2 protein chains.
Amino acid sequence: MSTLPEISDAEWTVMQVLWERSPQTAAEVVDALDGHAAWAPATIKTLLGRLIRKGALTYTEDGNRYCYRPAVDRAACIRRAGRSFLDRVFAGDPMPALEHFVRSEPLSDDQIEALRRLLDERREGGTR
Amino acid sequence: MSTLPEISDAEWTVMQVLWERSPQTAAEVVDALDGHAAWAPATIKTLLGRLIRKGALTYTEDGNRYCYRPAVDRAACIRRAGRSFLDRVFAGDPMPALEHFVRSEPLSDDQIEALRRLLDERREGGTR
DNA sequence: TGCAAACGATTACATGTGTAATAGATTACA
DNA sequence: TGTAATCTATTACACATGTAATCGTTTGCA
């Protein structure tokens, strides 16, 4: 509803952790990112703070620490990021993007099968 | 070969024009973007200059004006952007990305057919 | 042959981003 | 009960980005 905030690259990393499980304290997010991102804890705190300010996260206080949770819908953010990627790289046209990923990314036979089924559904499911 | 430069959102818009046709002078690029981007000519000059500095464009001089042309491969930039998008939004996993686009973007029956054929090739064509 | 137009280069500037240290408040343990 | 650990908030800072105006030079037309 209210306009989605812009979420930067580093911020996505943090959001993913909280979309995966929430609420979490800053310390838990730091733990979850251990290894994945070589960030100082202070860096993660900064990102959490910025995401609060942008309205992408909310928190409840628990003693002196915050319990963070997403305030924006993951699917909506994915749609926005997908659209933005299509516009930037493929002039908004989904077809060459799909061809690109099918051609250049590794897919197992099972995954290929699943995609075929999905395409079948799409064809029946009406134009939209 | 030499590491691809980072190309920003606005810069992509300019690169697309030159990948589409090159070389072009700044004035031609401005024309090509007329309507598409509501940019002052000066803005486009700035972007061309930055792309030169980054090594994404080269130019030859023609009188007092430059003829710009891409210095980086479009396909390579697309691969990089695709990978970066996958990493950011789908934890690097192509399958949910493909599902997302198939589900959320409009595709004609012909396009769906083409994708099916492409998936067939992929299945035969060996894992890589 | 002089002036206006056009060109690229330089400068501008607010905001975003990556990356983090520090300061001030609080809390938990000894 | 005091002190060390831990929180969030504040501050830092260089570089990227979007967006453009201006400057100095060249050039083409009158």
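What you are looking at is a predicted structure, and each value in this text was computed from that prediction instead of being measured. Below, all heavy atoms of this structure are taken into account, side chains as well, without hydrogens, waters or symmetry copies. Chain A is the first sequence line, chain B the second, and so forth, proteins listed ahead of strands; every chain is numbered from 1.
In this entry the distance linking OH of Tyr59(A) with P of dC7(D) reads 16 Å, nearest Å. At whole-Å resolution of the value, CG in Asp62(A) and C1' in dA28(C) are 14 Å apart. With rounding to whole Å, Leu33(B) atom CG is found 13 Å from dT19(D) atom P. As a whole-Å value, the separation of Glu61(B) CD from dA6(C) P is 20 Å. Taking atom CG on Leu48(A) and atom P on dA20(C), their separation rounds to 15 Å, with Å as the unit. Going from atom CG of Leu51(A) over to atom P of dG16(C) covers 13 Å, rounded to whole Å. As rounded to whole Å, 12 Å separates atom P of dC15(D) from atom CZ of Arg53(B). In this structure, Leu47(A) places its CG atom 9 Å from C1' of dT17(C), rounding to the nearest Å.
Each of Tyr66(A) and Arg50(A) was matched to the nucleotide of DNA chain D holding its nearest heavy atom; the match closer to the 5' end belongs to Tyr66(A). Heavy-atom nearest nucleotides on DNA chain C were determined for Asn64(B) and for Asp9(A), and the one closer to the 5' end corresponds to Asn64(B). Along DNA chain C, the nucleotide closest to Ala42(B) and the one closest to Ser8(A) are compared, and the more 5′ of them pairs with Ala42(B).
No salt bridge links Arg116(A) with Asp120(A); every basic N to acidic carboxylate O contact stays at or beyond 4.0 Å. Ion pair Glu20(B)/Arg74(B) flagged as a salt bridge, since at least one NZ, NE, NH1 or NH2 atom sits closer than 4.0 Å to an Asp/Glu carboxylate oxygen.
Nearest to the side chain of Glu11(A), among dT8(D), dT19(D), dT17(C), sits dT17(C). Minimum atom distance to the side chain of Lys45(B) is reached by dG8(C), of the listed dC7(D), dT8(D), dG8(C). When the nucleotides dA20(C), dT17(C), dT19(D) are ranked by their closest atom to the side chain of Thr46(B), dT19(D) comes out on top. The side chain of Ala40(B) has dA21(D) as its nearest neighbour among dG8(C), dT19(C), dA21(D). Nearest to the side chain of Thr43(A), among dG18(C), dT19(C), dC7(C), sits dT19(C). If you check dC7(D), dT17(D), dG8(C) against the side chain of Arg65(B), the one that comes closest is dG8(C).
Put simply, the side chain of Gln111(B) never gets that close to the backbone of Met95(A): no donor and acceptor are under 3.5 Å apart.
Thr25(A) comes within 4.0 angstrom of nothing in the nucleic acid, heavy atoms only. Counting any heavy atom pair closer than 4.0 Å across all strands shown, Tyr68(A) reaches sugar-phosphate atoms only and no base atom.
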Applying side chain to side chain donor-acceptor pair (under 3.5 Å), run through Arg69(A) and Gln24(A) and close with a yes or a no.
CA-CA 7 Å; Arg69(A) 79 193 69 221; Gln24(A) 288 190 70; over 6 Å; no

Worked check of side chain to side chain contact (heavy atoms under 4.5 Å, CB included) between Arg21(B) and Val17(B):
CA-CA 6 Å; Arg21(B) 184 164 75 79; Val17(B) 169; over 6 Å; no

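Judged by Watson-Crick or G-U wobble contacts below 3.5 Å, the nucleotide dT22(C) has dA9(D) as its partner.
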